[in-house]
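Below is one structure, written out as structure tokens; the observations come after it.
The basis for the numbers below is simple: all heavy atoms, side chains too, and nothing from hydrogens, waters or symmetry mates. Bear in mind that the values here come from a model prediction, so they are computed numbers and not experimental data.
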Amino acid sequence: MSRNVRVLKCAPEDVFRVLRDGWLYPSWVVGASRMREVDEAWPSAGARLHHSVGTWPALIDDSTAVEACDPPRRIVMKARGWPLGEARVTIDVKARGDGSVVRMQEEAVAGPAAYVPAPLMDVVLHWRNAETLHRLAYLAEGMAATQSRATTAQREMAQSGEQARGGEPVAGDEPGPDEMVP
């Protein structure tokens, strides 16, 4: 099972504002390329997202279903990506100071991917899910109503010398840009 953890500069409710909007799924999930339909009940248990995986012209239409949801603390989803198989994805969100700690766990549960040795699968999933949480940070922090610290995007822009908001560089906060927490 692959586990990734990241500190976000926003409240758990801000993280769930992104997770609740099924149409944003391809914006933060690496590999999801477009949305086709979002069940009205999303993210209630049993609700589904109908998405495509891959890049054109090799797109696969599939779905992700909610197995359990306890906003703003936890969502458990079963993501389908056939012919590779299915994965269970759990996202836990906990308040930490004026931000959040987000933990994402993913494991293959069906199909050919379930037979790949765990150490090999974990390497691929860890890399993929680090980027997924990076994207989630951009959206959740950017959508947060108030910011007491620089967002991930603002810190990265400042580190690269790129101008942000009104042409002024934005000072970064610790920890570093990858925000990974052991």
Side-chain angles (χ1 to χ4, degrees), residues 1-6 8 10 14-69 75-91 93 102-144 151-157 159-160 162 164 177-180:
M1 176 184 309
S2 176
R3 290 185 180 97
N4 292 70
V5 179
R6 186 179 181 97
L8 276 66
C10 60
D14 297 316
V15 175
F16 262 81
R17 182 176 303 134
V18 175
L19 299 178
R20 252 194 321 269
D21 187 342
W23 291 102
L24 291 176
Y25 189 79
S27 299
W28 61 274
V29 175
V30 173
S33 56
R34 65 179 178 198
M35 290 305 303
R36 296 177 293 115
E37 185 180 352
V38 175
D39 286 359
E40 229 175 273
W42 181 266
S44 301
R48 298 169 73 89
L49 294 175
H50 305 273
H51 53 77
S52 299
V53 177
T55 57
W56 186 89
L59 286 169
I60 299 168
D61 290 341
D62 229 319
S63 63
T64 294
V66 175
E67 292 185 337
C69 189
I75 187 168
V76 180
M77 301 172 284
K78 188 179 231 181
R80 294 174 43 94
W82 287 94
L84 295 176
E86 299 175 10
R88 179 163 291 108
V89 179
T90 303
I91 299 175
V93 184
V102 180
R103 181 183 71 189
M104 182 176 185
Q105 298 181 146
E106 182 173 353
E107 66 180 317
V109 295
Y115 298 103
V116 173
L120 180 59
M121 183 61 80
D122 286 350
V123 168
V124 174
L125 290 177
H126 188 80
W127 171 81
R128 175 183 174 268
N129 291 338
E131 176 61 21
T132 292
L133 289 179
H134 192 151
R135 293 176 184 189
L136 181 60
Y138 278 151
L139 290 167
E141 292 170 354
M143 293 172 73
T151 66
T152 297
Q154 290 168 330
R155 280 193 321 279
E156 289 174 359
M157 290 171 72
Q159 288 171 351
S160 72
E162 189 176 347
D178 62 350
E179 296 294 329
M180 298 306 289

Under 4.5 Å between any side-chain heavy atoms of Gln154 and Glu156, yes or no? no
Under the side chain to side chain donor-acceptor pair (under 3.5 Å) test, residues paired with Asp62 that sit two or more places apart: Arg80
Is there side-chain contact between Thr151 and Tyr138, with heavy atoms separated by less than 4.5 Å? no
Can you list the residues that meet the side chain to side chain contact (heavy atoms under 4.5 Å, CB included) rule with Ala45, with sequence neighbours excluded? none
Considering only heavy atoms from C-beta outward, does the side chain of Ile91 approach that of Leu19 to under 4.5 Å? yes
Between Cys10 and Val15, which heavy-atom pair has the shortest distance, and what is it? SG-CG2, 3.9 Å
Shortest non-hydrogen contact from Cys69 toward Phe16: SG-CE2, 4.0 Å
Under the salt bridge (Lys or Arg N to Asp or Glu O under 4.0 Å) rule, collect the residues that match up with Glu107, sequence neighbours excluded. none
Do Val89 and Val76 touch side chain to side chain, with heavy atoms closer than 4.5 Å? no
Are the side chains of Val18 and Met143 in contact, using a 4.5 Å heavy-atom criterion? yes
Within-4.5 Å side-chain heavy-atom neighbours: Leu136 and Met104: no
Any side-chain donor near an acceptor of the partner, Glu106 and His126, under 3.5 Å: no
Tell me every residue that passes side chain to side chain donor-acceptor pair (under 3.5 Å) with Trp23, counting only those two or more places apart in sequence or in another chain. none
Under 3.5 Å donor-acceptor pairs involving side-chain atoms of residues 24-34, not counting sequence neighbours:
unit_1: Tyr25; atom_1: OH; unit_2: Thr64; atom_2: OG1; d: 3.1
unit_1: Ser27; atom_1: OG; unit_2: Leu24; atom_2: O; d: 3.4
unit_1: Ser33; atom_1: OG; unit_2: Ser52; atom_2: O; d: 3.2
unit_1: Ser33; atom_1: OG; unit_2: Gly54; atom_2: O; d: 3.1
unit_1: Arg34; atom_1: NE; unit_2: Ser52; atom_2: OG; d: 2.9

Contact check, side chains of Val102 and Leu133, non-hydrogen atoms, under 4.5 Å: yes
Within the structure provided, determine whether Arg20 and Arg17 are in side-chain contact (heavy-atom separation under 4.5 Å). yes
Let me see the working for Arg103 and Asn4 under side chain to side chain contact (heavy atoms under 4.5 Å, CB included), right down to the final yes or no. CA-CA 6 Å; Arg103 181 183 71 189; Asn4 292 70; over 6 Å; no
Go through the structure and list residues passing salt bridge (Lys or Arg N to Asp or Glu O under 4.0 Å) with Arg48, not counting sequence neighbours. none
Ignoring hydrogens and angles, tell me if any N or O in the side chain of Ser44 forms a donor-acceptor pair with the backbone of Ala47 under 3.5 Å. no
With sequence neighbours left out, what residues match Arg88 under side chain to side chain donor-acceptor pair (under 3.5 Å)? Glu67
Least distance between heavy atoms, Trp82 atom then Pro112 atom: CZ3-CD, 3.9 Å
Holding to side chain to side chain contact (heavy atoms under 4.5 Å, CB included), I want the full list of residues that pass it with Ala137, two or more places apart in sequence or in another chain. Arg6, Leu8, Glu141, Thr152
Among residues at least two apart in sequence or on other chains, which ones pass salt bridge (Lys or Arg N to Asp or Glu O under 4.0 Å) with Arg36? Asp61
Determine the minimum heavy-atom distance between Pro83 and Ile60, stating which atoms define it. CD-CD1, 3.5 Å
Nearest 0.5 Å please: distance from the NE2 atom of His51 over to the CE atom of Met35. 6.5 Å
Qualifying residues under salt bridge (Lys or Arg N to Asp or Glu O under 4.0 Å), relative to Glu37, sequence neighbours excluded: none
Which heavy atom of Pro43 sits nearest to which heavy atom of Ile75, and what is that distance? CB-CD1, 3.9 Å
Minimum heavy-atom separation for Ser2 and Asn129, please, with both atom names. OG-ND2, 4.4 Å
